[in-house]
Structures are given as C-alpha cells and as structure tokens.
Amino acid sequence: MKTHVKALVVGGGAVGTSIAYHLAKAGWDDVVLLERDELTSGSTWHAAGLLPLFNMSYATTHIHKYSVDFYKSLEAETGLNAGFSVVGNLRMAQSKARMDEYMLYASTAETCDVPYEWLSPAQIKDRWPLIRTEDLEGAIYHPTDGYINPADVTMAMAKGARQRGVLIERKWQVDGYNWSGDHWDVTCTKMVEKGGNLVPSDEQIVIHAEHVVTATGNHAQRTAKLLGIKMPAIPVEHQFIVMDKDPALVEFRKTNPEHPVIRDADAQSYVREERGGWILGVYEKNAPARFEHGVPDSFRADLFQLDLERIEEQYAAMIHRVPSCEECGLKDDFNGPICYTPDGNPLVGPAPGLRNMWLAEGFSFGITAAGGIGHYLAQLMVEGEAEIDMASLDPKRYGSWMTTEFAARKNEECYDHVYILHHPDEERPAARPLRTSPAYDRQAARGAQFGWAGGWERPNYYAPQGFSDHDSRSFRRGAWWQYAVDEAKAVRESAGLIDATAFTKHIVKGPGATAFLDWFTTNKLPRVGRINLTYALTAHGTTRTEYTIVRLRDDEYYLVSAGAWADYDADYLRKAIEDKEDEFGRIEMQNVTTQWGVFAIAGPKSRDILKSVITDADPESALTNKRFPWLSAKQIELGMCPVNAIRVAYTGELGWELHHPIEMQNYLFDLLERAGEAHGMKLVGGRAQNWLRQEKSYRAFGTELGRDATPLEADLPRFVDLSKEFHGKAALEQIGIRSKCVTVLIDGPEDADPWGREVLYHGETRVGRLTSGGYSVAFGKSIGMGYVTPDLAVSGTKLRVKMLGKLWDAEVTEDSPYDPKNAVIRLDG
Ligand SMILES: Cc1cc2nc3c(=O)[nH]c(=O)nc-3n(C[C@H](O)[C@H](O)[C@H](O)COP(=O)(O)OP(=O)(O)OC[C@H]3O[C@@H](n4cnc5c(N)ncnc54)[C@H](O)[C@@H]3O)c2cc1C
C-alpha cells in the first residue's frame, strides 16, 4: 500500500471511482482510492441505473450530459461494456401545467445542447401502443439517454482509473483525518470478514495525502463527524419493484425496439423494461430518512424490507398506464438507502473550514451524476476552478445553523417532491419557519408570503389574508403576480419597505485590513464614510462574491454580500485572510450576519418618511445630498434606534439601507410603518425587488454573477480597477470577453414572463441564455437579463426569447433602461 499520495479518494461507489479516474486523467499520477468493503457495495449496487438528462439546473444538466457522453465512450477505452441501453426517456404529462414545466425545462436542455422532441398522445400511442394515452396532454422525449448497469459502469471506470495509474484498495476503512499544516494524515484500518459482518482488524496504516476527497455515500454522517463538520447528507428509503414477464410486451418486442424509460411524473413513477417484464420505481410519500446517526456496522450491501402499502397508489397508476402489466407477478424488489440533501443537489466542493479536503457526498442521482462530477471536481482540484459554476453544489450552502433533524425532515420532503410540479416560484414547507428575523410575526400578520433564503424567512410578496401561495403557483403569471406589480409600482411612485436582513455581513478590521481588501477585491477601496461595490474573484478571474463595502474607519470595513451565502462567503474570506496575514499584517474578521437586521426603504417618498422620524439637530437637512450624499454611509438615529444607514437602493430609486441592531428591529419596523402610512408606503417583497433591479440592470449574485463569468463579462468595468493588482487579475485579463451580460425587454406572451432560464436567439441562431427574468412595471412588458455573444451586446440588437415553446421578440436595451442617468437615485431634497 502506498503511504504518500497526491490524492486519496475515500469510497468506491460510482462517484468515488469516477473522481479517481478523472483526477488521473487530469494528470495527477499519484491517486489512491480506498473502499471499506467491495467496489459498488454502497448504494451503487442496487440503483436502477436510469440516466435522466432532465434537469432544471444549468450546472446539473451539464454534469448529467457529461456523464451520458462519457459512459458511451468507456467501452472503447477499457474494453468493458458498461451496459448502457440508449433507449431514450419519455416524460409524459397529464396536465397543461406539466407541459408548461417541460417547456421551461426544454429551455435549460437547449442551452446545454441536450436534444429533445415533443410528442402528442397520438404519436406516443403510435410508437408504443402498450401505453395508455387518452388522459395525456403530451410528452417530452430525450432520444440520447436511457439506463446503464450501475455496477458495470463503476467497474469500467475502475479499470480506466487503474489503466491511468490509480491504485484501488478494497477492505480498507478510513477512520481518522488529521491536518498537519500542509497535508492530511489519514488513519486507515484493514477490514476483515467475521461471521458475515465486516469488522475492523488490528492492522492500521497512516496515509500522507496532499488532498483528500470523500465520496462515502450513506456513511456521510460518520465522515462529517470524523472531519468535525456538518453535512445535510442523510439517506431516505427508495423502492423499486421488478415484475415478471408481460406477454404483451414480449409480443411487442418481437418486431419493435425496447421501450424508452417511461416517466409518469404525475403518478410519481418511472418504468423501464427488464427481461420481458417491467421495473417500476416510485417517489412516494412518507418514505423515512435512515441512518441519521450513521450506518450500523451490520448493514453492508443490504436492503430494507419492501413496503408495498406505501407504493400502492403508484402501483395502481402503473397498471392504469400500462394495462398489460396487470397480470404480471412480482419477481423482485429493492428498498435501499438513497442519499439525499435538502435541495436534492449533492454536496460537492471544498469542505467548510478545511484545506485540501473535498466533499462529494449526498448523491440521489449518483449514477447519472458520477461521470460529470468526476470531471468537474477534478477540474476544480487540479486547475483551481471548473468550467461551470459549481456554487449550487457547494457544501457550504448549508451553514452552521443546520442540524440533523432539519436535514432528515428536509431530505424526506425532497424525496417526495421529486415528481411534484417544480414551479419556479415553488416554496417547500418542511422545517419552516426556522430562521426568522424579529419582524417575521408582524410581516406574517400583514400577509407576507415567505421565501427561503439560506434558511431565513424573507417576504416574497404580501397578499390578503387567506390567500394561498401554494395554489397561486404557476409556470406563467401566478395569482401572486398582481401583488408584486402593486408593490413594484409603490416603490416607483411612493415608497416601499423591504426586509433584507438575510444579507451576509462581515466586519474586516485591523492593521492589515486595508492592504488585504485592496488585494482581495477588484475596485478601489472607499474613503471613510463612503461605500463601493466590488468583487472578490476566483483564481480564474471569475466572480466569487459581490460585496458592498462600507469603510467605517481607516482600517475597519463592513462587507455586505448576498443573502443565503453566509457560510460560502465566510469560508472564502477566512481562508484568504489566513493565507495573507503574514504579508499584510493582522486582520480580524467577524461574521455579524445575525447581529444586524436590514430594512431597505426606497421610493420618491423615502426621504420624507425618514425625515419624519430622524433624531437630528436639523432633520430637514439631515438627508439632503449635501449631508448624506448617494453612496455614503452614516450613523443616524431613527426614533430611539441607532442605524447605520447606507444611501443605496437595489431597486434604483432614492433610498437607504437601514442596518440596525437586530433586537431593535420590531421597534424600527413599527416606527417606519407608522411614518410611511401618510406617504402611501407599502411593504414590499423580494419578487418585486427582483423585477425592479432588472430595470436598472443591477446584476444579482447567483444569476448574472458567478464563477462562470468575470465582472468584465458581466459588463461591470467601472467596478474593476485595472490599475492596481488584485487576486485573479491576470486570469481575468487573459480570459477576455467570451460573452457579455445584457438587459432585454421582451414582447412576450400575455400571461407569462421569463424566469431566467430561457434560450436567446438572433435570427435562427442560438446566441445565449437568460439568467434572470420578470416583469417591468416601468415599461409594461417582460424583462430579462442574460448573456449573449459579445458582438450582440449592443443596445438596439433584436433578439428572440424562447418561452412556452415559441420565439418572442426582444430587444437589448442600454444598461439601466430605467433612469439611465441615475437622476432619481441622486434626487436632492
Ligand atoms: C433503489 C434505488 C434506486 C436508484 N436508482 C438510481 C437510478 O436509476 N439512477 C441514479 O442515478 N441513481 C439511482 N439511485 C441512487 C444511486 O444509487 C446513488 O446516488 C449512488 O449509488 C451514489 O453513489 P456514491 O458513490 O455516492 O455512494 P455509494 O455507492 O454508497 O458508495 C459509497 C462507498 O463509500 C464506502 N465508504 C464509506 N465510508 C468509507 C470509509 N470511511 N472508508 C472507506 N470506504 C468508505 C462505502 O462502503 C461505499 O461503497 C438509486 C438508489 C436506490 C436506493
């Protein structure tokens, strides 16, 4: 056994094996994979092997697509047949809403070059007469995917890995990790068979590894404990049954090719052929989470008992859909642990707080994802960044507030939501409310419908009492749309009060703070009392975080970044400070996210409202441009509440962000609400805010801003000071402009706006995609932001946006189509 390696991969399921393969392929020639039992003995052995390309996320679609293409190439490389049956994938719709969902999904597919076809019920019947179609609206069909043998594909990847120099050792369990400052000392125990169980022997070794990747599947909770971190990766039971031969199917197959994988999403099931019979897999209600506190030693390549009662409804629906299966007996059943996370995305990337420790945990579609994850994680490790933005998979999207109970309940919910209608305005109810700002009860009493942002409850919009957000969801304009319109108008015409407490907030101070931040971010640092907008980059020159920086003192700064990303931002900042402290001097960093509440007040009347409650020797002049200019910050008093006020407004109106001690939030809320009454101020939610910021072309983190584009590609050169040195600068300059961010106004359908996933065309040519979308109250039509080829990023360019299966005219606007000169923001008074 090697005891000094460049990378140690822990776990020999589909995921770990693919990562080892791809690390070797990327040029690391000293890779060892350890598996405590046999390869594939975790969840991999009992997977159904389906490879659905269907995915609503841009990053995940790229990952799945890579897998499907890669698996097709494995036999030529290794001589092993991975058992890939490219039978296609037929997703049927029982309702118009489901067809709308598929049309939105088709946009993502199209942006990622995933081919698809639309089929009518008659076309389905014509090709696959065993399927009942009279209650269907239609289907989307992917010809290029299908299913694979999970064990065979893992073995083929293992062979490919060995051919590239990877050492794979079975029956070695990793039992301890110790970071020595520049490498990991990993304690490993030889496992032996004893009475059918796998038990640790006395033989132990320590492997010195520069990098470690954990891909431990259902053992994620044990891995988390060994590492001293938290991971919301907990398995849930998942069942499929195998039926005996179906004579009608056998007859059909004499003259026809195999059926595609048949997905009846409205019946929560997938079906595929298996030796003349059928496999029925379901995502049913009440499947329990398992192994919350670790996998028992006695559980190896085992299964749970089938719970037929739990899947009765889906079984009946299968008989309805494929009536010929009614007489088929049950041949086999599988009820195994399938690892989940609260949002269904795996946890892939650097482990929180640790160096050279990479996680690849929590896979619920691990066979489908393994190939792509190996490829992109290897890029991240070997090159420092992947070509797609991996933030939506980053392990740090769940913060230190996360608990076992939260993860277990959310994972159960995620499982039973696999086949619900995935409205883009979906809000999931489990484990909520959990993280609330003090004003939550007041907001709820005024009709707030809440959205989830990194665990925080944040009003999406306000509706009359008794309104059901759940029933209002749609792929078009939901019933909530009119409330968001009214709120957006209030901001443009009078004033709105927005809760922005979820913002991530850090204090960075100390003798080294100025030099550090100057290096860490792209823009010039502000003078004391002023603010700027700036970017921290990845080593590849793309956007890692957007900050609003307030300079409180010469060497003290207040950094505000996107809500929902507190741990993601904190980890990057902390590691950068540790790396640079020797060079720049002592730097203190404090995460103050939960200490400061934030209200944003915006609109032409916002100054009058604040004036009426400000405690100042001269309230009339306190908020004038002279005393409180745009892009400055001041400590003011509103009634009895001390407030750090910042004159900015993400909605593009005259306005202030009011950062206040969180314990005084209710006092401040009542004060502002009373003062606002006389001025027609409305409580405003995140949906209206999101539309308004697009009218100003304000890029948002997670949509326009991320690790797949530089701030120059986001067309933000005014926040990048190329005259100074900063982290990622050389890479940013080298990348150049691959595509450019634009704002478009769209003559779209009467009842729908884009969601930010739509394809952009120039004539007949696909030229980009939207990353945000919504409705503009200022222009009375749909609006969106996105990326196109640089030559088209010119005001006046005519484009077309694909929405609901059709192309709609759109035009690139100048940057900030609403108030391009910022006149209303700078308004004096
Ligand atoms: C019934 C069922 C059907 C499914 N169908 C599909 C499907 O059709 N398509 C799809 O994409 N996915 C499917 N899945 C999910 C799929 O099985 C998993 O997502 C996938 O197998 C996860 O692979 P993995 O490598 O992450 O984990 P695993 O396969 O569980 O591998 C983890 C490995 O790590 C080893 N290990 C753990 N701890 C240590 C340690 N400390 N030291 C050394 N080794 C360790 C374990 O022994 C194990 O072999 C299904 C799951 C179930 C239960």
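Values in this document were obtained by computation on a predicted structure and should not be read as measured data. We count ligands from 1, going down the list as the structure has it; atoms in each ligand are counted the same way.
- The shortest side-chain heavy-atom distance between Val174 and Val212 does not fall under the 4.5 Å cut-off.
- Of all atoms in ligand 1, numbered sequentially from 1 with element shown, those under 4.0 Å from a heavy atom of Ala215 are 32 (C), 33 (C), 34 (O).
- The closest approach between Arg222 and ligand 1 falls below 4.0 Å for a heavy atom of the residue.
- Only side-chain heavy atoms of Val10 come within less than 4.0 Å of ligand 1; its backbone N, CA, C and O stay farther off.
- At least one heavy atom of Trp172 sits closer than 4.0 Å to an atom of ligand 1.
- Annotation: Glu326, atom CD; neighbour count of heavy atoms from other residues, nucleotides and ligands within 6.0 Å does not exceed 12.
- A perpendicular orientation is assigned to the rings of Tyr177 and Trp184, their planes being inclined by more than 60° (bins at 30° and 60°).
- Residue-level proximity to ligand 1 for Ser364 is carried by the backbone, the only part with a heavy atom below 4.0 angstrom.
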Donor-acceptor pairs under 3.5 angstrom involving side-chain atoms of residues 139-148: please list them, not counting sequence neighbours.
from, atom 1, to, atom 2, distance (Å)
His142, ND1, Pro115, O, 3.0
His142, NE2, Tyr105, OH, 2.8
Asp145, OD2, Leu53, N, 2.8
Asp145, OD2, Asn89, ND2, 3.4
Tyr147, OH, Glu258, OE1, 3.4
Tyr147, OH, Glu258, OE2, 2.5

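- Within a 6.0 Å radius of CD in Glu413, more than 12 heavy atoms belonging to other residues, nucleotides or ligands are found.
- Remark: aromatic rings of His62 and Tyr376 are distant, center separation not under 6.0 Å.
- Heavy-atom distances between Phe240 and ligand 1 reach below 4.0 Å in at least one pair.
- Near Gly49, meaning under 4.0 Å from one of its heavy atoms, ligand 1 places the atoms 7 (C), 8 (O).
- Near Ile367, the atoms of ligand 1 lying under 4.0 angstrom from a non-hydrogen atom of the residue are 10 (C), 11 (O), 12 (N), 21 (O).
- What sits closest to atom 51 (C) of ligand 1 on the protein, heavy atoms only, is Ile338 CD1, 3.5 Å.
- Distance from atom 21 (O) of ligand 1 to its nearest protein heavy atom, with residue and atom name: Thr44 OG1, 3.0 Å.
- The aromatic ring centroids of Tyr102 and Tyr116 lie 6.0 Å or more from each other.
- Just one of Tyr315, Trp278, Tyr270, Phe334 meets the ring-ring contact (aromatic ring centres under 6.0 Å, His included) condition when paired with Phe240; it is Phe334.
- By the side-chain hydrogen bond (donor to acceptor under 3.5 Å, both in side chains) test, Trp128 is found to be paired with no residue, residues two or more places apart in sequence or in another chain being considered.
- Distance from atom 25 (O) of ligand 1 to its nearest protein heavy atom, with residue and atom name: Val15 N, 3.0 Å.
- Of all protein heavy atoms, the one closest to atom 31 (O) of ligand 1 is Gly13 CA, 3.4 Å.
- Atoms of ligand 1 found under 4.0 Å from any heavy atom of His219 (numbered from 1 in listed order, with element): 37 (C), 38 (N).
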